[in-house]
Structures are given as structure tokens and as C-alpha cells.
Amino acid sequence: MKRSHVCGELRRSDADREVTLTGWVSSQRDHGGLIFIDLRDRWGITQIVFDPEISKSVIETAKRLRMETVIVVRGKVVARPGKMVNKDLATGEIEVVVTELNVLNESKPVPLAVKDPCEAMDETRLKYRYLDLRRPSMQNNLILRHRTAQCVRSYFDNAGFIEVETPFLMKSTPEGARDYLVPSRIHKGKFYALPQSPQQYKQLLMVSGYDRYFQIVKCFRDEDLRADRQPEFTQIDVEMSFVDEDDVIGVMEKLMVRIFKDILNIELKIPFPRLNYAEALARYGNDRPDLRFDMPISDITELAGTTGFRVFQDTVLSQGRVRGLCLKKRGRMSRKQVDELTDYAKSFGAKGLVVIQVTDEGIQSPVSKFISDEEMQRILKPFDAQVNDIVFLVADSESVCCEALGNLRNYLARMFGMTDNVPFAPLWVLDFPLLEFDPEEKRFVAMHHPFTSPKPEDVSLMDQDPANVRARAYDLVLNGSEIAGGSIRIHRSDMQSKMFRLLGIDEETAARKFGFLIEALDYGAPPHGGIAFGFDRLVMMLAGESSIREVIAFPKTTSALSLMDGCPSEVDAGQLRDLGLKLIG
RNA sequence: GGAGCCGUAGUUCAACUUGGUUAGAGCGCCGGCCUGUCACGCCGGAGGCUGCGGGUUCGAGCCCCGUCGGCUCCGCCA
């Protein structure tokens, strides 16, 4: 018996049709006489009915059907009378009265209930992922992911891009994340690396003249995991020749518009707002601000330094900053809440959190005994603090101020549901520093990557003031999350060599590790630039999920294990021998 | 590498304040009843190395130490 329809398909107009359905038993309601079963496949649920007056043997089999048994049934579509219509089901206007039933495969009692909302623990879900993936919400997520990928491919195809596959076995390169290594059998003692991104390949494709490349591609980074980070993840990788920042940004904005329209029917307005890195940091405390709400940070160092409050004075003397933000119109906070927020700020290195509550009975603050009324008014002025507002101040180094207040800003927004009204707030962050100093390695490292071009007007600073050279880099930020990042690349070998020198990579090492790229730049490499888009994060947001595990079919746990297949695992001695490897310790 | 939360029946949870009878409940599973349910309902039953290992105690699911695993965060992630 082959199916004639799927379980989400039948409607009132199909009444009286003879149909054959296949699927999983999702619920059984045995009334002694009649038996109702919800038959489920990935297209939906159809109620099938077993009537003892139609067939004794069929109903005997139906009685014994357990959850998740796979069956095929033949029967007649019947329109349900008004009272019996189920408005929660797309197929709720009909049911199928079964005349024939075959069990295709039974199921043991399942270790996790196949139903939404999910009740199972993550551990159980991951161990029995194939059952977890039967849940309609997971199927919807993966279908949404598929549709998004199709949308991306169609968009780039129409825009004249071609998808080129690049190797998964490549050369390990220094800089950046830790590589996943693959030992070579033929060349014992040598290793391939899995790509952290196809960065060098796509630049080489530009040298080859494959202007307008894209690829939906797996990337691998051997770093610790997070809710939005897996060791293998998917990137929409893009590169274009003869372009500047605005060209890349324009292509990506139109892609975003297309995705949000096609997938969520949401109209995004372009161009997206742009912020430069320094502004983002000063105003929002980080380089990926959530603009679904405002609540900006203000610097009141000069005002605070002249008050009688010792902590402020000391901060100013030690070149620190006093910064704060104002929570509007939320009324008074309890001591407990204030303590909680203070602890939160402290977890980012702040020594304390000055809380000033403006109430209809006046200013309430533990520091009001150190600060005169007049000084207090001056401090509050930049925040335009009114009754029922609360000002939070941090006095510390600039980076701690940013870190603590940036996170506090997001924390307060979550606490008061300030993100609920605006679903999506995209923006570009531009003018990143080219380099940042790594105190551990005692050298400059590339903030984006070593192939990022400096801004032409800053090139002269590269030698005397590397820390202040800005990069031709851009990040796309959505709701406080970086979802894409890219740059205009260096396309001349002299500049690339200069960059490696700045990074403290000597000529020999550069030649050994990146020689092919530097050499390629000497053979007519066009100016080029591109971007890499975090596909999992994007789909996660489209799906309204808070972990990328929810949009990845078979994800790893936070310790990079796969609970289902038990990888990573030990290998046979013979496999190691073939590879010329020996385990130590 | 560090911090926090968590781990009890197939599964999801409970067992509190303060360590003290036989470790309970929903779902699932097994048996019975029920002809319009859609989380069907009703009656009965089986099912437990309380993650693992130590310790404290007359006595540990509960307290302590270690360990394994899950989640969140910091470091890390060009």
C-alpha cells in the first residue's frame, strides 16, 4: 500500500475520497467501540477513526497500536459535522474512516515524548536526537533552515554570484581559532586542517577572476562552545571583486530584505543604520549593540570628578571614566533588585554600581550623603532623569565601564521586556581597529583577520601608531548578536607583507604559512572584499530560538560531544599505525 | 582553565522548613471498562544502585569531598 496523500493535506473538499495514509501513531483515544488515532508525518496530523462496525479484525489491530508505531491505513475521507471539527488542526474539518490497516513497524516505548512543547531534558533530546527531530517544532525549524538556504541560493544566483566549493582539507594556518587537524596517512607526521573559513580560497578565487562568489559552507573551530557557537557551523561565504564597503553592504542588505520577506513576511527597511566602532562602544558599551531599545550610555567623568564622592575623584585621578545609563519610567527598585544588578555589574569587573533612584519623594541613593543636591542635579542632567527613572553609574577603567554597562543595558532590557515591541533591529558597525594588542602574546593581532585592508587615510599610522589604524571592516549586527562580518581585503603583496610584519610574523614564517596567497597577490590580484554570514545564528533568530542547537539537526553538547553517536571516540590501533600516530599519556 | 545551576521510575518532576516510616505524582508501558474523542475519561498493575566513587552520621536522595555528564556564563572564539 503506497500513500496517496500526506497527513497535513486533506481538506473538506476531499470528502468521500478513498485515500491511503502513512505515518506515526501520535495519540490513541480508545473508546471501547470507536478508536481515534492522530496519525503524524512531517506535513501534519490527520485523525483516523476505527469503527467496530466496519471491520472487527482491523479494530483488534488498532487496539494494540502503541505510540510511535508506523502504520499505513486505507479509508474514506469523511467531513466532520460542525461540532466535531477540530480548529487546532489544519486537517480538522475531516477524518479518515479506516477500512484497512497495516503495521509497518512497531516502536518500543519511547524515551522522550514526541510532542510540543518539548518536555525532555537536553541530554535525553540529544541522545535520542532522531526522536527529538520528529517533534513538529524541530521539523519546522529544519524546514525553515532549508527554505532560508534556498532563498539565499536563489538570491545570489539572481545577483550573478556563483557557488564554488572549496576544500575541507587545507593547510593549517596560524592566527585565529584553534584548528581541527586531520592526520595524513600518505605523508606521515603531516596534517591537514579543517577550514575555520574558506578565507584564503575565496581570495584566490578573486585572483582567478571568479568575481561574485558565494558558498553555503561548513566551517570548523576547535574552541569552547556557547549557546550560539558549535565546533562545526555553517557560513554564507561571499566575496566580490572591484568593490568597496558600500557594494558589499548593499548586496547583503538586499539579501536580508529578501530573506525576511520570504521567510517571515517582514519588511526590513534599508539602508540599515550604521555606527562606527568607537561610537558603538561609547554609546552602547559593545561593538554589537542591541538597537531594539535605546537606553544609551553617557560619560559624566568631568561632572563626577568635581563631586565630593571619593570613588569618583579617585577614578578620575587614575585616568578612569564615570559612565552610566538611565532606566526610564520603571519606578522604584527594591533593595534586592539593586543588589542583584550590582552583583551582575561586578561579574564584569566593576568594583560597584552606583544606583540613583529618582522618586516623587526625591533622590534616593547610597551616595547622596557624599554628593550635594546641586552636584546631584548636574550629574543627572545628561540622563534627563525624571521621577520614576533610575540612573546606574560605573566608575572604572574605560573597558570595564563599557563591559559592565553594556551588559547591564542588555540585562535591564531583558528584565523589563524592552525588546518585545521591535522584532528585528539590524545595523552595521564600521571602522573597527585593524589591530588589537594581545597582552598574552605581547604583540598586535588582527582584530578581524590578517588579510583585512587598513583604511587608506590611516596607512601612514601603521608604523608609529598601529593601535589607531582603522580597518575597512564591517559587521552586521542583529538584536545584539553579530551575524556577519567582513572586510575589504589587502590585494597587494607589499601591503600584505607590511601587515604580517606588524603582526610580528617574520618573512620566513609568512612565506611558509601564507606564501601561496602572498605570491598570488603578485599576479594581478584585483581589489576585492567580502563577508561571512553566520547561517546558524540567522536561522536561529528567524525561528525565534535562543540556541543554534535548535536549528542544527545533529549538534554537539557544550563539551563538544555527540551524545547520540558517542563521538569523539577511540580508534583502532591499526588506524593509528596507518597514520603514523602514537598516543601519549 | 574558571564560576553558577542541574542529574531521583522508560520519561518529566516531587520528596520542604531542619538528615529519620515502605522515595511519591503526571505522561508512557501492561491489564480491564467505555461508540465522538482530539491532553478522551474511569479502575487496577508493573516499574527505582536517587549519575558514579568516597566521606561524615546510629541513620544520607538530602550534608561534605572527588568524579562523570547536561545547560548558562567568563576566558577563548582572526
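Residue numbers begin at 1 in each chain, while the letters A, B, ... track the order of the sequences.
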Problem set entry | Residue whose nearest RNA chain B nucleotide is more 5′ - A:Ala227 or A:Arg178 | A:Ala227
Seminar exercise, completed: Any strand, both distances under 3.5 Å, Watson-Crick or G-U wobble: B:A9 pairs with none
Exercise. Counting any heavy atom closer than 4.0 Å, what does A:Ser559 reach on the DNA or RNA strands: base, sugar-phosphate only, or nothing?
Worked result: sugar-phosphate
Exercise. When the distance from CE of A:Met121 to P of B:A14 is rounded to whole Å, what number comes out?
Worked result: 11 Å
For this session: Pick the C1' atom in B:A60 and in B:C49, then give their distance to the nearest Å.
Result: 14 Å
Exercise. When rounded to the nearest Å, what value does the distance between C1' atoms of B:G44 and B:C52 take?
Worked result: 37 Å
Problem set entry | Greater than 12 external heavy atoms within 6.0 Å of A:Arg11's CZ | yes
Problem set entry | Nucleotide B:C77, atom P - distance to CD of A:Gln199 in whole Å | 17 Å
Problem set entry | Results of side chain to side chain contact (heavy atoms under 4.5 Å, CB included) for A:Asp339 - residues two or more places apart only | A:Arg335
Exercise. Whole-Å distance between B:U11 C1' and A:Leu131 CG?
Worked result: 12 Å
Problem set entry | Proximal nucleotide (of B:C77, B:C73, B:C13) relative to the A:Arg221 side chain | B:C77
Problem set entry | Separation of B:C34 P from A:Ile35 CD1 (nearest whole Å) | 12 Å
For this session: Please report, rounded to the nearest Å, how far the P atom of B:U11 is from the OH atom of A:Tyr128.
Result: 7 Å
Problem set entry | Inter-nucleotide P distance (B:U8, B:C71), Å rounded | 15 Å
For this session: Report yes if the distance between the aromatic ring centroids of A:Phe233 and A:Phe535 is under 6.0 Å, otherwise no.
Result: no
Exercise. Taking atom P of B:C13 as reference, at what distance in whole Å does atom CD of A:Glu123 sit?
Worked result: 12 Å
Problem set entry | Atom P, compared across B:C62 and B:C76: separation rounded to whole Å | 38 Å
Problem set entry | Integer angstrom distance from the C1' of B:G70 to that of B:G24 | 25 Å
For this session: Give A:Ile45 one of three labels, base, sugar-phosphate or nothing, depending on what nucleic acid heavy atoms sit under 4.0 Å from its own.
Result: nothing
Exercise. Can you check whether A:Thr557 has a side-chain N or O nearer than 4.0 Å to OP1 or OP2 of B:G70?
Worked result: yes
For this session: Look at all strands and tell whether A:Asp224 reaches a base, only sugar-phosphate, or nothing, counting heavy atoms closer than 4.0 Å.
Result: base
Exercise. Should we say atom NZ of A:Lys76 is surrounded by more than 12 heavy atoms from elsewhere, each under 6.0 Å from it?
Worked result: no
Exercise. Starting at the 5' end of RNA chain B and moving along, which residue's nearest nucleotide shows up first, A:Pro111 or A:Glu223?
Worked result: A:Pro111
Problem set entry | nucleotides 35-52 of chain B: protein proximity per nucleotide (B base, S sugar-phosphate only, - neither; heavy atom, under 4.0 Å) | BBBB-B------------
For this session: Measure from the side-chain N and O atoms of A:Glu441 to the backbone N and O of A:Asp438, and report whether any donor-acceptor pair falls under 3.5 Å.
Result: no
Seminar exercise, completed: Scanning both residues in full, the closest heavy-atom pair of A:Pro450 with A:Met499 reads O-CG, 3.2 Å
Exercise. Is there a donor N/O on one and an acceptor N/O on the other, under 3.5 Å, for the side chain of A:Arg229 and the base of B:C77?
Worked result: yes
Problem set entry | Between A:Phe50 and A:Phe36, ring centroids under 6.0 Å | no
Problem set entry | Residue A:Pro109, side-chain heavy atoms: nucleotide from B:G28, B:C74, B:C76 that is nearest | B:G28
Exercise. In the structure shown, which nucleotide is the Watson-Crick or G-U wobble counterpart of B:C34, with both distances under 3.5 Å?
Worked result: none
Exercise. If we take the C1' atom in both B:C27 and B:G47, what is their distance in whole Å?
Worked result: 14 Å
Seminar exercise, completed: For B:A39, the nucleotide meeting Watson-Crick or G-U wobble distances (both under 3.5 Å) is none
Problem set entry | Partner nucleotide, any strand, of B:G4 [Watson-Crick/G-U, under 3.5 Å] | B:C71
Exercise. With respect to A:Glu550, which candidate in A:Arg135, A:Arg125, A:Arg129 satisfies the salt bridge (Lys or Arg N to Asp or Glu O under 4.0 Å) definition?
Worked result: A:Arg125
Seminar exercise, completed: Answer for the Watson-Crick or wobble partner of B:G47, both distances under 3.5 Å, is none
Exercise. Does a salt bridge link A:Arg80 with A:Glu93, judged by any charged N lying under 4.0 Å from a carboxylate O?
Worked result: no
For this session: Compare the minimum distances between each of B:C77, B:G70, B:U72 and the side chain of A:Arg549, then state the nucleotide with the smallest one.
Result: B:U72
Exercise. How far does the P atom of B:U12 sit from the matching atom of B:C58, given to the nearest Å?
Worked result: 37 Å
For this session: Kindly say if A:Arg226 contacts the phosphate of B:C74, meaning a side-chain N or O under 4.0 Å from OP1 or OP2.
Result: yes
Exercise. For B:C58, which nucleotide in any strand shown is its Watson-Crick or wobble partner with both distances under 3.5 Å?
Worked result: B:G20
For this session: Can you figure out which of B:C71, B:U8, B:C30 approaches the side chain of A:Arg66 most closely?
Result: B:C30
Exercise. A:Tyr277 vs A:Phe432 aromatic rings, parallel, tilted or perpendicular, using cut-offs 30° and 60°?
Worked result: tilted
For this session: Would you kindly check whether a donor in the side chain of A:Arg125 faces an acceptor in the base of B:G70, or vice versa, at under 3.5 angstrom?
Result: no
Problem set entry | Euclidean distance, atom NZ of residue A:Lys346 to atom P of B:G4 [Å, nearest integer] | 17 Å
Seminar exercise, completed: Per atom distances to the A:Thr124 side chain, the nearest of B:U11, B:C77, B:G70 is B:U11
Exercise. If you look at every strand shown and take non-hydrogen atoms under 4.0 Å, does A:Ala446 touch a base, only sugar-phosphate, or nothing?
Worked result: sugar-phosphate
Exercise. How far, in whole Å, is B:U50 from B:C63 if one measures between their C1' atoms?
Worked result: 15 Å
Exercise. Less than 4.0 Å between a side-chain N and a carboxylate O, is that true for A:Glu175 and A:Lys513?
Worked result: no
Problem set entry | Minimum-distance nucleotide (side-chain atoms of A:Met67 versus B:G28, B:U12, B:C76) | B:G28
For this session: For A:Glu175 and B:C77, give me the distance from atom CD to atom P, rounded to whole Å.
Result: 11 Å
